[in-house]
Amino acid sequence: MTVLPMWNEAGAKWTFQGNGRLITASAITVRGILNHVMENLDEEDGRAVIPLGQGDPSTFPCFRTALVAEDAVVDAVRSAEFNCYAPTVGILPARRAIADHLSRDLPYKLSPDDVYLTIGGTQAIEVVVTALARPGANILLPRPGYPCYVARAALCGLEVRYFDLLPDKGWEVDLERVEDLADANTVAMVMINPGNPCGTVFSYQHLKEIAETARKLGIMVIADEVYDHLAFRDTPFVPMGVFASITPVLTVGSLSKRWIVPGWRLGWVATNDPNGFLKDTGVVESIVGFLNVSPDPATFVQAAIPRILERTGKEFFSKVLCMLREASDICYDKIREMPCLVCPKKPEGSMFAMVKLDSSLLEDIEDDLDFCVKLAREESVVVLPGIALGMKNWLRITFAVEPSSLQDGLERMKAFCQRHVKK
Ligand SMILES: *Cc1c(COP(=O)(O)O)cnc(C)c1O
């Protein structure tokens, strides 16, 4: 940080300085760490950079969104009816469409009043974390997890406690640890399903156990379901809201992943609360309070929501699932050809595989960050080091990439590992 002179020319004392919390918070985001890895890319390397770090397949033509979704946005713009500000919580037709869309998988019906539109899933996380961050409170987060929760909690002074996802148990939640961690000031536990970074899809039974544990502890569940329905093997996606009669659930959702349009910045928070606990505790009031002082998603994107949700065809979704399944097969099989990497569980959903790095088999590679920095420099392949997710000596690889690029990237990674293997 720059140290300012004590006194300015007008003779007044300079009193401002940067907010240190922001500097700490941004250091632990995926973007912050990937930027650091990418600073090491070699501009002289004539080959294309292969991005296996961030999960954003939208840049590949084969992952283009549905035509009906594009048309819905274009028509909303052309109508000139949505150049206005939107209401705090979002426009009613969009909230109704999301409520109906989510209710299809629930044993009760959500009302439009249960849905709050946000600027992507990222702002939905900001909403729920901030709404719960009363002084002295703490929140339970999964490790490995999604660093945005950590950063957001740091920004609003909410204490974070970690429970583990267990690689030997298919990355299921260590529920005993959850019980040990919680105390009277614990407000919620976060779960991400389908999982980022592990590519897991939790079973109905495990989700029920999570809800029952939360009930026992008197806390709610924040269910990050931005990868909802991106489950491409045998385990079906079950929304946590199914168990909301056991304990209240705040669902974080987004168009970004399932429709592959992260740039459209449209997400939501849904309150799954058939017993009405959240209203009594002021959580709903806090959510609205937060939204009252923050900007809204673009009104024309909100206006496009009903058509996007109601008309996107089954073929689009099955095509995406099919591509993700094939890509995850390629990824899993190739990783098995690299002795220094172990993937404890074949991905069943989302866009990621979590892979353990055994750096003792490699020469001159210290740890996961060193691996990623040198891989970027030597092979122009970008992978996320596990430290970004609280897991040293692990790597997160996204397979949501055009298949030929994925093949190419993994081949380069294999060549890198072979070159660095201890003789
Ligand atoms: C991508 C992602 C988000 C953020 O969603 P956006 O709509 O892109 O803001 C939230 N949670 C998880 C687990 C994600 O992977």
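Order of listing sets the numbers, starting from 1, for every ligand and every atom in it. Quantities reported herein were computed from a predicted structural model and do not represent experimental measurements.
- Taking the side-chain contact (heavy atoms from CB on, under 4.5 Å) definition, one finds that Thr59 meets it with nothing, sequence neighbours left out.
- For the residue pair Ser254 / Trp268, no side-chain donor-acceptor distance below 3.5 Å is found, with atom types taken as modelled.
- Between Thr65 and Phe316, the closest side-chain pair of non-hydrogen atoms falls below 4.5 Å.
- Not counting sequence neighbours, the partners of Leu106 by the side-chain contact (heavy atoms from CB on, under 4.5 Å) test are Tyr108, Leu110, Pro239, Val242, Asn272.
- Ring geometry for Phe243 against Tyr204 counts as perpendicular: the plane angle is over 60°, on a 0 to 90° scale with 30° as the lower cut.
- Protein residues are said to neighbour a ligand when one of their heavy atoms lies under 4.0 Å from it; for ligand 1 these are Gly120, Gly121, Thr122, Ile125, Tyr146, Ile192, Asn196, Asp224, Val226, Tyr227, Ser254, Ser256, Lys257, Arg265.
- The side-chain contact (heavy atoms from CB on, under 4.5 Å) search around Asp224 returns Ile125, Tyr149, Ile192, Val226, Val252, not counting sequence neighbours.
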